Structure formats: structure tokens, C-alpha cells
Amino acid sequence: MARREVVRRHMSEMPKAYDPGAVEGPIFTSWMTGKYFEQPVVEGAEPFAVVIPPPNVTGSLHMGHALNNTIQDVVIRRSRMTGRPTRWIVGTDHAGIATQNKVEQMLASQDLSRYDVGREKFIELCWTWRSEHGSIIIEQLKRMGCSCDYSDEWFTMDPSYQKAVRTVFVDWFDKGLIYRGKRIINWCPRCSTALSDIEVEHEDLDSHLWHLRYPLKEPVGGVDHVVVATTRPETMLGDTCVAVHPDDERYVALVGATVVLPLLGREIPIVADDFVDPAFGTGAVKVTPAHDPNDFEIGERHGCAKINVMAADATITEEGGPYVGLDRYEARKRVVADLEALGLLVKTDDHVHSVGHCYRCHTVIEPWLSDQWFVDMKPLAAPAIEAVRDGRVTFHPKRWENVYFHWMENIRDWCISRQLWWGHRIPVFYCDACGETTASLDDITVCPKCGATDVRQDEDVLDTWFSSQLWPFATLGWPENTPELGLFYPTSVLSTARDILFLWVARMIMSGMYFVDGEVPYKDVIIHPTVFNAEGKRMSKSLGTGVDPLDLMEHYGADGMRFGLMLQTTGSQDIRFAEDKLASSRNFANKIWNASRFVLMNIAEDYEPGEPVVETVADAWVLSRLAGLAAAVDEGLTTYQFGDVARSLYDFFWSEFCDWYIEMAKPRLTAGGASAQIVQRNLVFVLDQALRLLHPMMPFITEEIWQRLPLPQADRAQSLMIAAWPDPAKLARFSDEGAEQSVSRLIEIVSGIRGVRARYNVPPKQGLQAVFKTASETDNAWLEAEFGLMSRLAGVSGFSAGTDQTKPAHAAAFVAGGLEVFVPLEGLVDFDAEKARVARQLEVARGDLAKLERKLSNEGFLAKAAPEIVEKDRAKAAELFDTVATLESQFAELDG
RNA sequence: GGGCGAUUAACUCAGCGGGAGAGUGCCUCCCUUACAAGGAGGAAGUCACUGGUUCAAAUCCAGUAUCGCCCACCA
């Protein structure tokens with residue numbers, strides 16, 4: 001009922017310019033009210049699901065989100081229109097470190113730390129923070145028009161999600177895939193937590209290679225010291241041996257000797273180890289097993305002590321003797337200075353080396369020895385590698401599969417424990433009485449082994465990515481065996497940025513296959529381009545190099561931003577964000593608006609909705625082009641070629657529908673009668689189909705217009721969102737090669753005449769005459785039939801045509817569509833200019849002809865090229881030959 | 001150290017074996033009853049370089065240069 005009113009809205013309500021701000025809000029509300037985002041499951045139809053990469057609750061929309069969510073919405077809306085039960089699962093990620101940082105900052109503003117408020121209160125504050133800020137990004141997705149199922153919004157700390165996380169942990173723990181160990185991990189002294197290897201960002205920094213002289217306790221063969229090279233001199237406080245290569249003749253005699261560690265006086269051995277590269281530095285390595293993964297290995301092999309000289313905040317511990325309490329960089333300075341004072345600093349070389357930084361706060365990470373929980377990844381990786389290899393999961397573009405394989409085949413164990421408070425607490429309980437360690441789905445207070453009642457839970461929480469990896473099935477209700485899980489798993493497409501390929505994508509495949517019957521979590525993975533700024537730099541809020549999607553939507557509309565992004569999403573090329581593309585898209589929206597306004601304005605009072613009818617070549621042409629468009633769009637979306645699709649839509653709508661078909665339709669509309677009725681139907685039909693094809697990329701404007709279209713009953717729907725997607729197979733009936741050729745020819749001739757008009761500055765209102773010298777009776781008939789259109793489009797009021805026509809005096813002349821065209825211009829022709837122009841054309845035509853003739857006289861070409869190519873070139877050569885002859889005679893005439 | 005991507009018109013980018021394209025910008029004309037966020041016309045490119053494959057190369061292969069990205073236990 002409400003819809004009826006909407007349809008009846010008169011076009012006078014359509015302002016001359018499209019105003020996205022006035023349209024988008026109400027349209028989105030109507031979608032929400034209509035519950036179109038929650039499409040019911042239909043028996044027999046193949047479900048289609050996408051899980052959104054859950055944005056952090058701390059997040060706000062940036063250009064990466066804008067692009068990624070446009071892609072997902074395009075795919076989702078297209079699927080929904082094809083009638084498949086379609087769900088876009090939405091939600092947010094609790095984002096352990098990021099959220100904890102936010103709340104800690106908040107506390108810091110009151111001069112408080114998390115320790116001041118305590119764990120319980122702190123977690124409570126995190127929940128409060130989440131409820132106050134966590135839905136900002138969800139609202140921004142709505143602003144973009146994203147058609148997620150907001151009625152079922154997920155959060156990675158929901159009770160059922162917590163259950164999924166615990167189920168996974170306990171299962172892997174019981175299977176021995178999760179273990180605890182004392183290892184060198186990546187420690188962020190600022191966040192005060194361990195990080196996994198892939199949460200560390202390496203950056204080459206200019207630094208130094210310090211050469212330190214370590215004295216021997218007793219000289220060996222006259223040698224009283226060994227020189228080691230290091231990039232982190234402060235770690236020498238934790239040195240427990242010096243290593244050399246066993247075959248290094250310079251040092252072989254020293255193996256087994258004792259070094260007195262400077263500054264601390266500790267006696268440490270010289271050991272031989274294959275790891276040492278004799279060519280690097282001095283060939284002698286100071287070994288600090290507690291502060292370097294390689295040194296850890298060497299230390300293990302030689303039974304050296306592991307002395308931890310650094311505290312959690314990267315200050316020196318008591319093990320560092322006089323340096324206790326100093327920050328690591330202050331300690332570095334002091335150690336170097338003190339060694340220099342002792343004459344033990346041999347030299348300081350400039351040295352560039354790669355330094356790891358925390359991916360959350362960019363603090364330099366410290367390799368640090370500590371007790372952590374790990375996942376044994378190799379057994380999980382094997383089936384996930386296989387799934388991509390055999391095509392159960394396909395990456396787009398495909399080359400990302402190699403990146404995936406490389407990482408998966410060299411996968412290392414995953415450190416999953418974090419020394420944070422906000423997150424999924426590790427469900428492990430220790431019994432101090434009997435030493436038992438238990439992983440449990442439910443909290444326990446009694447030791448299952450000895451019955452002691454003072455069990456305590458592990459203090460750490462899990463890596464946020466540990467819970468994120470469960471997203472595709474935890475959001476479908478797993479570990480319960482829900483109907484949703486059966487219907488929508490595996491999901492259809494995952495679209496994401498490449499920087500979380502390992503952190504998230506790979507891990508979802510591994511855990512999904514492990515827990516859901518060996519089934520992959522999604523069939524297609526789209527790795528979309530990264531959006532950079534105009535200078536090609538990463539967009540960054542802190543550096544002020546970013547562009548805010550909300551501002552863009554303000555200026556260009558949500559549709560303008562979406563379409564502009566889609567235009568730039570081509571191949572695998574990263575996007576240097578070009579705002580002028582958004583301006584064209586906003587203009588495009590305006591074009592759609594005005595073309596629609598024109599169509600609606602020209603619908604007669606007694607208009608009867610109905611099927612399109614081919615009355616003229618223009619009708620046949622536009623329907624044929626539409627059929628081609630539908631096929632191209634459908635195919636392009638299937639293969640995720642978003643840029644191609646956007647361009648096809650743009651070109652069809654603007655260049656073909658607006659510039660030519662609407663212009664060709666005008667005389668018929670003005671004339672009225674049966675022909676007007678037919679052309680109205682065709683205009684409505686083509687517009688309707690075009691709006692459907694445009695809808696996934698430009699949902700708002702298309703919906704707003706579509707509601708006003710007078711469609712046949714069968715084509716109607718409550719919303720364009722759920723209207724039928726144009727079926728290329730059905731539209732193929734409109735394909736008409738002949739009509740396409742005929743109109744191409746017409747366009748060529750009209751453009752030629754317009755060119756004459758522009759060259760001689762003939763005012764638009766001044767009519768022109770045209771004389772066509774044709775080659776056959778067929779041409780004459782064709783001209784006779786199509787002249788009406790031509791006259792309107794080129795402003796030609798009269799014509800004569802025939803095989804015997806000759807060039808009138810004072811006429812401009814050109815060749816187009818296989819005809820010689822003369823436009824008499826009494827007194828207007830500038831002979832010199834015209835001569836120069838014809839000469840130029842002649843030169844080009846002769847050049848082309850010569851090139852073609854050379855090709856056609858090449859026996860290799862004739863023998864080996866495909867016959868249809870040869871045929872095409874022959875026809876082209878014949879045409880060029882005629883053109884050259886014509887131009888030559890024109891030139892001769894001008895000469896005389 | 002290993003790998004990947006890019007190099008096409010002034011700018012941003014398509015095209016990826018057989019006629020060099022688009023948008024923006026620029027030049028000329030036009031406020032024509034859908035749209036000046038518009039219409040019509042136009043100028044503008046040894047497709048980075050070198051070699052190879054092919055009847056045919058912007059397109060495939062190899063190498064070079066420049067820029068960018070990723071991976072790697074680079075004391």
C-alpha cells in the first residue's frame with residue numbers, strides 16, 4: 001500500500017540534480033523496515049553467505065573498509081537478486097591489544113593504571129567502552145549502504161562465541177596441539193605482552209655493529225682476547241658463551257677456552273657451533289640465550305645458562321649488575337661507554353639491520369625468554385595447503401596462492417598467550433597441590449586429579465586472532481550443530497586486505513577444516529587492492545595522510561564513493577586513490593537521475609506497462625547492447641572483475657543509452673501515437689534492467705528511481721534489492737548483430753556531420769543539407785530508412801543520395817560508413833583549411849593502407865594467420881582503398 | 001638473501017598476441033524544453049629500455065633500469 005504511493009510519486013518531485021543526502025537515509029530505513037537484509041531460506045535454492053572481516057570495536061571506517069565492504073555488498077546484493085538465500089554476517093572483534101590500549105589511555109588521563117583498578121574492574125571498563133564506542137563502525141557501514149544482516153550482529157566475546165573459543169582450546173590441548181613452553185618470543189615492552197611472529201613488523205634501520213673485545217681468562221697461544229660483533233651491546237650482560245664456527249682456523253685453538261665477560265666478570269666458555277657464519281663480523285658471536293632466538297638454540301646445544309637481564313618493561317634486571325633499572329637504550333649507551341673507557345670497544349661500524357616493531361604501537365620489540373602457550377601448526381597446515389592446491393579454496397587474484405603456500409609450508413608454531421586482561425582468558429587451571437594442568441570448558445575450582453580446592457586459572461588471555469580464526473563457523477552457532485551451520489557453511493566468498501592473509505585468512509582455513517568436518521570455510525578469497533593516497537603512500541590517520549570515507553560520502557554520496565572505488569578496482573593493481581574518479585561517479589549518478597527523470601516525464605497518462613517492442617533499428621540496437629551489458633556484468637561479477645563491470649555500466653548508460661538511444665527516442669516521443677507508446681516501454685524496460693544491473697554498486701539512487709518506474713506486474717517487487725537479477729540467457733534473445741552494425745554506421749556519419757558543423761562554426765539552429773554518394777541501391781534504401789534519425793541527431797534538414805551524386809560547390813566532404821558525404825556550406829568553406837585537413841586524412845589513410853597491403857602480401861601471414869583475421873584485413877584494405885581514392889579526388893577538387 | 005607487482009596521453013588508470021582506450025585536465029563552440037555535476041567537436045602517446053619468440057608484440061619470454069610491496073633465525 002505504501003509502495004503504491006511511492007510509485008505514484010510524480011516526477012515533479014524529482015529535483016533537477018540528484019541529492020544523495022536527501023535520498024540515502026530514508027531509503028536505508030525502508031530497507032531495514034522491509035527486513036530485506038534477512039532473506040528467508042528458500043527450499044532448494046543454494047545459499048550464499050559472506051562473513052564480514054570483523055572490524056575492531058576500536059575502529060572507525062577508513063578507505064580500506066570502504067573498498068572491502070563495497071566489494072562484499074556488491075557480491076551480496078547481486079546474489080540476493082538472483083534469488084539465492086543470502087546472508088552477510090556482520091559483527092565486531094574485541095581487539096585485545098587495541099581496546100586495552102584505549103581503556104588504559106582513558107585511565108592514564110586520570111593518572112591511573114590498570115593495576116590501580118584491578119583486573120575485574122578493568123574488564124568491566126572494557127565492556128563499557130565497547131558498548132559506548134563499539135557500534136560506531138557498524139553505523140558507518142549502514143551509511144555506506146552495506147546490506148549486512150544487522151538483526152544478528154556478532155561480537156567475538158559473545159557468550160556463545162566464548163564457548164566456541166574454549167571448545168577449540170580444550171580440544172587442541174587434549175590432542176596435544178596446544179602446549180606450554182619457555183621460549184624466546186617477541187615481547188612488546190609497551191603493551192607488555194608477547195606477540196606472535198607475524199604480529200611483528202620488520203623495518204630496516206640505520207644502526208651500528210659494535211666490535212667488542214672480550215678478554216680470555218688465560219691466553220691461548222699468545223692470544224689473550226676474542227673480538228665479537230653485536231648490534232645490541234646491552235645484551236652482553238646476559239652473555240653465557242661465545243660461539244665460533246668449528247672449521248674457522250682463526251679460532252679453532254680457542255674452542256674450550258674461557259672468556260671473562262667484561263663489566264660483570266662472569267666466566268663463560270668459547271664453544272664451536274655450525275650456526276656461526278665465519279664471514280660475518282669477526283666470526284665470533286657473543287651468545288645471549290635469553291634474548292635472541294638463535295642464541296637460545298646455541299645455548300641449548302651447549303648447555304649454557306639462560307640469563308634474563310631484561311624486565312617486562314625493557315629495563316635491566318638485577319642480573320645486569322650495575323646497570324639495573326636502566327632502560328634498554330640507556331643501558332646500551334652506558335655499556336658502550338663503559339667498554340670504551342676500558343679500551344674494550346674495538347670499533348663501531350655503520351650497519352643497517354632489520355628491527356622488529358609491535359604492529360599495534362610500533363614500539364621496538366624485544367626477543368625475550370618467557371613461558372608461553374603455543375599451537376603446533378604443522379598438522380593443521382597440511383590439509384589447509386591441500387584444500388587450496390586442489391581448488392576447494394580459490395584465491396583471486398590467483399598469485400596470492402603462492403604467497404599462501406610459501407607461508408604455510410614454512411609455518412612455525414603460534415604463540416597464542418598474551419599478557420593482557422581484555423580477551424578470552426586461557427581456560428587452563430593449575431593445581432599447586434599435585435602439579436596437574438587442566439584445560440576445561442567450564443571454570444573449575446577442584447583439581448580433577450587430586451581433589452585439591454585451590455586450583456588457579458592461567459592469568460593470560462588468548463591472542464585476538466585465536467578467536468578471529470573461528471569467525472566463519474562461530475558466527476553460525478558452532479559448536480552447536482545449528483541449521484545455519486548446515487546451510488551457510490562453507491561460506492561463499494571472503495574479501496579481505498592482503499595484510500591479514502596469514503594473521504586471519506590462513507588460520508580460518510586451518511581451524512575451519514579441523515573443526516567443521518574437514519570443510520573449508522569459504523570457496524573464494526578475494527584479496528583486494530590496497531588503497532593508497534595520491535602520493536602512493538599508505539593512508540594513515542596519525543600522519544594525516546588519510547582520506548575519510550565519511551567526508552567522501554558527504555561530497556559525492558555513498559553511491560558516488562562506492563562506484564568511484566569500483567571503477568578503480570582493476571586487476572590486482574593497488575589503488576592510488578584518485579578523488580576525481582569520485583567526481584565522475586557523482587556526475588554519473590546525476591546522469592542516471594536526469595535520464596530517469598526524462599523517461600518518467602515522458603510517460604503518457606494512458607501508458608500501459610508491457611514488454612519491450614522492436615519497432616526501429618534503434619530499439620533493436622539498444623536492446624542488443626543491453627543484452628551484451630547484462631552478459632558482461634554477470635560474467636564480471638562472477639569473476640570479481642569489479643573495475644570492468646563498473647566501466648561497462650558507465651559506458652552503456654552514459655554513452656549508449658543517454659547519448660544515443662534517448663536522443664533517438666525523442667522524435668518518436670514528440671510525435672505521439674503508437675510509436676510513442678512503444679518507445680516509452682522500451683525506455684522503461686532498458687532503464688529498469690540497467691538499474692537492476694547498477695544496483696549492487698549504486699544501491700541508493702537505483703532504488704529511489706526504480707520505485708517510480710511503471711513496471712508490468714510481473715516485474716515488480718517491494719524493493720529493487722529483491723527484484724530479479726537480469727538473466728543474460730533470457731536477454732540474449734535481443735542480440736542483433738545487424739542492428740548494431742547499422743547504428744554504428746549511423747553514429748559514424750552523424751559524428752562526421754557534427755564535425756563539419758563544429759569546424760565551420762555553424763550554429764546549432766542552422767539546418768544543413770547533406771549529399772551522399774552511395775555505392776549501391778542497398779545504401780540508398782538504408783539512408784532512406786534511417787535519415788529521420790540522422791537528421792535529428794546531426795541537425796540535417798534535407799538530403800539527397802544516390803550512386804551518381806557528385807560533390808556540390810563549396811561543400812565540406814568526408815568519408816564515413818562506406819559513403820561519401822558532402823555538406824554544402826555556401827561561402828563557409830575555408831578551402832585552405834579543408835585542403836590541409838583532407839591532406840592529413842589522406843596521409844593517414846595511405847599509411848594504414850600501405851601497412852595493410854604489406855601484411856596481406858606477406859606469405860607467412862596468409863599461411864599462418866587465422867582465416868577470419870586475414871578476411872577481416874582484406875575487407876579493411878578494400879575499404880581503405882576506396883577511402884584513399886575518395887580522399888584523393890576530394891583533394892584534387894579542392895586543388896582545382 | 002628469496003619472492004611478487006608496477007612502468008601506456010599532462011595526471012589517475014584500463015587494455016595483456018592481430019585496428020593505441022577511458023576519466024580528469026587542456027582547446028573550440030553551445031545555458032538546444034533530462035542533465036552546465038551538461039551537450040557537440042578537438043589536440044594530446046617511438047605503450048620504461050635492450051634483446052628474443054612469432055606471419056604479427058603495448059600484449060609472450062629473457063635481461064636491464066626505476067619505483068613499491070612481501071617473506072627470511074641479516075650476531
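It should be emphasised that the depicted structure is a prediction, and the values quoted were computed from it without experimental measurement. Below, read A as the first sequence line, B as the second, and so on, with proteins coming before strands; counting in each chain starts at 1. The basis for the numbers below is simple: all heavy atoms, side chains too, and nothing from hydrogens, waters or symmetry mates.
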With distance as the sole criterion, do the side chain of Ser354(A) and the base of C74(B) form a donor-acceptor contact below 3.5 Å?
-> yes

Contact class for Lys876(A) vs. all strands (heavy atom < 4.0 Å): base, sugar-phosphate, or nothing?
-> base

Pairwise C1' distance for G38(B) and A34(B), with rounding to whole Å = 10 Å

Nucleotide opposite A48(B) in a Watson-Crick or G-U pair, distances under 3.5 Å = U64(B)

Rounded distance in Å between the C1' positions of U66(B) and A48(B) = 8 Å

Do side-chain atoms of Gln680(A) reach the backbone of Ala604(A) as a donor and acceptor pair under 3.5 angstrom?
-> yes

Ala578(A) vs Glu859(A), nearer the 5' end of RNA chain B by closest nucleotide | Ala578(A)

May I ask which nucleotide in the shown strands pairs with A9(B), Watson-Crick or G-U wobble, both distances under 3.5 Å?
-> none

Can you tell me, in whole Å, how much space there is between the C1' of A44(B) and that of A6(B)?
-> 24 Å

Write down the distance separating the P atoms in U46(B) and A9(B), rounded off to the nearest Å.
-> 8 Å

State which of A75(B), G18(B), G23(B) makes the closest approach to the side chain of Ser584(A).
-> G23(B)

Which atom names give the shortest non-hydrogen contact between His302(A) and Val271(A), and what distance separates them?
-> CD2-CB, 3.7 Å

For U54(B), which nucleotide is its Watson-Crick or G-U wobble mate, given both distances must be under 3.5 Å?
-> none

C1' gap between A57(B) and A43(B), integer Å | 28 Å

Answer with base, sugar-phosphate or nothing: what part of the nucleic acid does Ala866(A) contact at a heavy-atom distance below 4.0 Å?
-> base

Whole-Å distance between A56(B) P and Leu862(A) CG?
-> 13 Å

Let me know the distance between CZ of Phe861(A) and C1' of G18(B), rounded to the nearest Å.
-> 7 Å

Indicate whether the side chain of Asn402(A) and that of Arg399(A) have a donor and an acceptor atom separated by less than 3.5 Å.
-> no

Phosphate OP1/OP2 of A75(B) contacted by Lys286(A) side-chain N/O (<4.0 Å) | no

Steps toward ring-ring contact (aromatic ring centres under 6.0 Å, His included) verdict (Tyr18(A), Trp593(A)) | CA-CA 6 Å; Tyr18(A) 174 58; Trp593(A) 184 256; 5.1 Å; yes

Please check the phosphate of A14(B) (OP1 and OP2 only) for any side-chain N or O of Thr570(A) closer than 4.0 Å.
-> yes

Rounded to whole angstrom, note down the P distance from C60(B) over to C71(B).
-> 27 Å

Taken to the nearest whole Å, CZ/Arg498(A) to C1'/G5(B) is 9 Å

Nucleotide C70(B), atom C1' - distance to CG of Asp197(A) in whole Å | 16 Å

Within the structure, does a side-chain N or O atom of Arg412(A) lie under 4.0 Å from either OP1 or OP2 of A72(B)?
-> yes

Can you figure out which of A14(B), C74(B), A75(B) approaches the side chain of Val276(A) most closely?
-> A75(B)

Under a 3.5 Å limit for both distances, which nucleotide forms a Watson-Crick or G-U wobble pair with G38(B), could you say?
-> C30(B)

Please state whether the rings of Trp407(A) and Phe502(A) are parallel, tilted or perpendicular, taking 30° and 60° as the class boundaries.
-> parallel

Sugar-phosphate, base or nothing in reach of Val403(A), heavy atoms under 4.0 Å | nothing

Quickly work out the Asn533(A) CG to U12(B) C1' distance and round it to whole Å.
-> 13 Å

So among Thr348(A), Asp350(A), Thr230(A), which one has a side-chain hydrogen bond (donor to acceptor under 3.5 Å, both in side chains) with His208(A)?
-> Asp350(A)

Quick one: which of C4(B), A14(B), G18(B) gets closest to the side chain of Arg399(A)?
-> C4(B)

Under 3.5 Å, is there a donor-acceptor pair between the Tyr359(A) and Glu201(A) side chains?
-> no

Please state the C1' separation for the pair A14(B) and U59(B) - nearest whole angstrom.
-> 13 Å

In whole angstrom, what separates Glu535(A)'s CD from U12(B)'s P?
-> 10 Å

Applying the 3.5 Å cut-off to both distances, the Watson-Crick or G-U partner of G25(B) turns out to be none

At under 4.0 Å, does any side-chain N or O of Arg647(A) touch on OP1 or OP2 of A14(B)?
-> no

Enumerate donor-acceptor pairs with a distance under 3.5 Å from any side-chain N or O in residues 650-658 of chain A to protein atoms, sequence neighbours excluded.
from, atom 1, to, atom 2, distance (Å)
Glu656(A), OE1, Arg625(A), NE, 3.2
Glu656(A), OE2, Arg625(A), NE, 2.9
Glu656(A), OE2, Arg625(A), NH2, 2.9

Main-chain N/O of Thr530(A) paired with Asp574(A) side-chain donor or acceptor, under 3.5 Å = yes

What's the CH2-P distance between Trp400(A) and C4(B), to the nearest Å?
-> 12 Å

How is Ala284(A) classified with respect to the nucleic acid when contacts are heavy atoms under 4.0 Å: base, sugar-phosphate, or nothing?
-> base

Expressed in whole Å, how much space separates the C1' atoms belonging to G63(B) and G21(B)?
-> 30 Å

Please tell me which of Lys537(A) and Ile575(A) maps to the more 5' nucleotide of RNA chain B, matching each residue to the nucleotide holding its nearest heavy atom.
-> Ile575(A)

For C69(B), the nucleotide meeting Watson-Crick or G-U wobble distances (both under 3.5 Å) is G3(B)

Distance-only donor-acceptor check, side chains Asp204(A) and His353(A), under 3.5 Å | no

Using a 4.0 Å heavy-atom cut-off, write out nucleotides 34-44 of chain B from 5' to 3' as B (base contacted by protein), S (sugar-phosphate only) or - (no contact).
-> BBSBSSSS---

Rounded to the Å, how far apart are Glu656(A) CD and A22(B) P?
-> 14 Å

